[in-house]
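Shown next, in structure tokens, is the structure this report addresses.
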Number of protein chains: 2
Amino acid sequence: MSERKLTRNQQLVLDRLAASGSALTAYDLLDQLRGEGLRAPVQVYRALETLGQRGLIHRIESMNAFIACCAHDHQAAAGFAICDDCGEVAEFAFPASEEGLRSEVGKAGFETRHMTVELHGRCAACAGR
Amino acid sequence: MSERKLTRNQQLVLDRLAASGSALTAYDLLDQLRGEGLRAPVQVYRALETLGQRGLIHRIESMNAFIACCAHDHQAAAGFAICDDCGEVAEFAFPASEEGLRSEVGKAGFETRHMTVELHGRCAACAGR
DNA sequence: CAAAGAAGTGTAATGATATAACGTATGTTT
DNA sequence: AAACATACGTTATATCATTACACTTCTTTG
Ligand SMILES: [Zn+2]
Ligand SMILES: [Zn+2]
Ligand SMILES: [Zn+2]
Ligand SMILES: [Zn+2]
């Protein structure tokens, strides 16, 4: 059987990310969890690694930050729309484009294992509509 | 009038990236250009910034690395297929999927200004075909 | 051409992100 | 209970990127 229960540190990190709703860096998380007894970056990074392997969080490469997954049980790749004005990050799926990208590089014999899709711009709220 | 001529440092960095053909980190570049007189990270980062603004190079977010643009005069967004076995990075265009992504987030009122699209996997050569 | 402004330079220090190494503890399987 | 896998805390270090400052070079324009 798989799916161990999350450990205390893992749960703390996941809960903090989920409560935040936004993307946090490892050091943001460390600062916010010092009150819970976390003291060193490596404790946060270890929790983040496990949570990532289990698909409970995503890493936002262009921000060096992490966010709780809001979809769970991914069939498809995750994309992110990142507002550079307010920092909001919205997760989205893009099944048609995903297939398009996969086949675009597949023509050259490339086997895609993971996609990083991060759109930077301005969210509806910040555009003032 | 725009389009200044590239300075010595900028040309050194661009030439090194173009000659390499692969993605290099700022510190890779610094090491390889010490013989040309470069001494400090900031010299490389400054050149990289200008080159990026002019569209002569791209930053690969998921590698903290930089690569020479092989397309020039981008109408479209750039995507990258990155082989995790050999490190090869291939730039590609994806006009249809690009439009799909843009409209996917556009439904929520998001205005896309820049796309990071990085596909990790295995290249044809490494797959042994 | 000379003055003014914009862009670039080198040096030094620092900040921000991430991992390695070590020995110990805890939980699960047999 | 022994063996194994996973996680722990601590310390140190590696890697990536920027700030600050004083000075120089290039470009524009009066
Ligand atoms: Zn997700
Ligand atoms: Zn916004
Ligand atoms: Zn390009
Ligand atoms: Zn390869």
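Remember, it's a predicted structure, so these values are computed and weren't measured experimentally. In the text below, chain A, chain B and the rest are named by the order of the sequence lines, each starting its count at 1. FYI, side chains are in, hydrogens and waters are out, and symmetry mates aren't considered; it's all heavy atoms of this structure.
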Heavy-atom check, side chain of A/Tyr27 versus side chain of A/Val44, under 4.5 Å:
no
Could you state the CZ-C1' distance from A/Arg4 to C/dT26, rounded to the nearest angstrom?
9 Å
Euclidean distance, atom CG of residue A/Leu24 to atom P of C/dT17 [Å, nearest integer]
12 Å
What is the distance from CG of B/Asp28 to P of D/dC16, rounded to the nearest Å?
7 Å
For a quick test of reading the model: is some side-chain N or O of A/Gln10 closer than 4.0 Å to OP1 or OP2 of D/dA7?
yes
In whole angstroms, how far is the C1' atom of C/dG27 from the CG atom of A/Leu6?
15 Å
B/Leu48 CG to C/dG8 C1', straight-line distance once rounded to whole Å
15 Å
Ignoring backbone atoms, test whether A/Asn64 places a side-chain nitrogen or oxygen under 4.0 Å from the OP1 or OP2 oxygen of D/dC16.
no
Which nucleotide, C/dG8, C/dT17, D/dT10, lies nearest any side-chain atom of A/Val42?
D/dT10
Spacing between B/Gln43 atom CD and D/dA20 atom C1', to the nearest angstrom
15 Å
Looking at the base of C/dG8, is there any donor atom on it, or on the side chain of B/Arg8, that sits under 3.5 Å from an acceptor on the other one?
no
d(CG, A/Leu30; P, C/dA16) in whole Å
13 Å
Picking from C/dG8, C/dG10, D/dT10, the nucleotide nearest the side-chain atoms of A/Ala40 would be D/dT10
Contact under 4.0 Å: A/Thr7 side-chain N or O vs C/dT26 OP1/OP2:
no
Please confirm whether the shortest side-chain N or O distance from B/Arg39 to OP1 or OP2 of C/dT11 is below 4.0 Å.
yes
Closest approach to the side chain of A/Tyr45, judged atom by atom: which nucleotide of C/dG8, C/dA18, C/dA21 is it?
C/dA18
Between A/Glu61 and A/Thr116, a side-chain donor and acceptor under 3.5 Å:
no
Return the nearest nucleotide to the side chain of B/Arg46; candidates are D/dT27, C/dG10, D/dC16.
C/dG10
Stacking of A/Tyr27 on C/dT17 base (centres under 5.5 Å, planes under 30°):
yes
Presence of A/Asn9 side-chain N/O under 4.0 Å of D/dA7 phosphate oxygens OP1/OP2:
no
Can you tell which of D/dA17, C/dA20, D/dG9 lies closest to the side chain of B/Pro41?
D/dA17
In whole Å, I'd like the distance from the CD atom of B/Glu49 to the C1' atom of D/dT19.
13 Å
May I ask you to check whether over 12 heavy atoms, not counting those of B/Gln75, lie within 6.0 Å of atom CD?
no
Residues A/Glu111 and A/Arg113 bridged, charged N to O under 4.0 Å:
no
Output yes when at least one side-chain N/O atom of B/Arg59 is less than 4.0 Å from OP1 or OP2 of D/dA17, else no.
yes
Classify the ring geometry of B/His120 against A/His114: parallel below 30°, tilted from 30° to 60°, perpendicular beyond 60°.
tilted
Which value, rounded to the nearest 0.5 Å, describes the distance between A/Asp31 atom CG and A/Leu38 atom CG?
11.0 Å
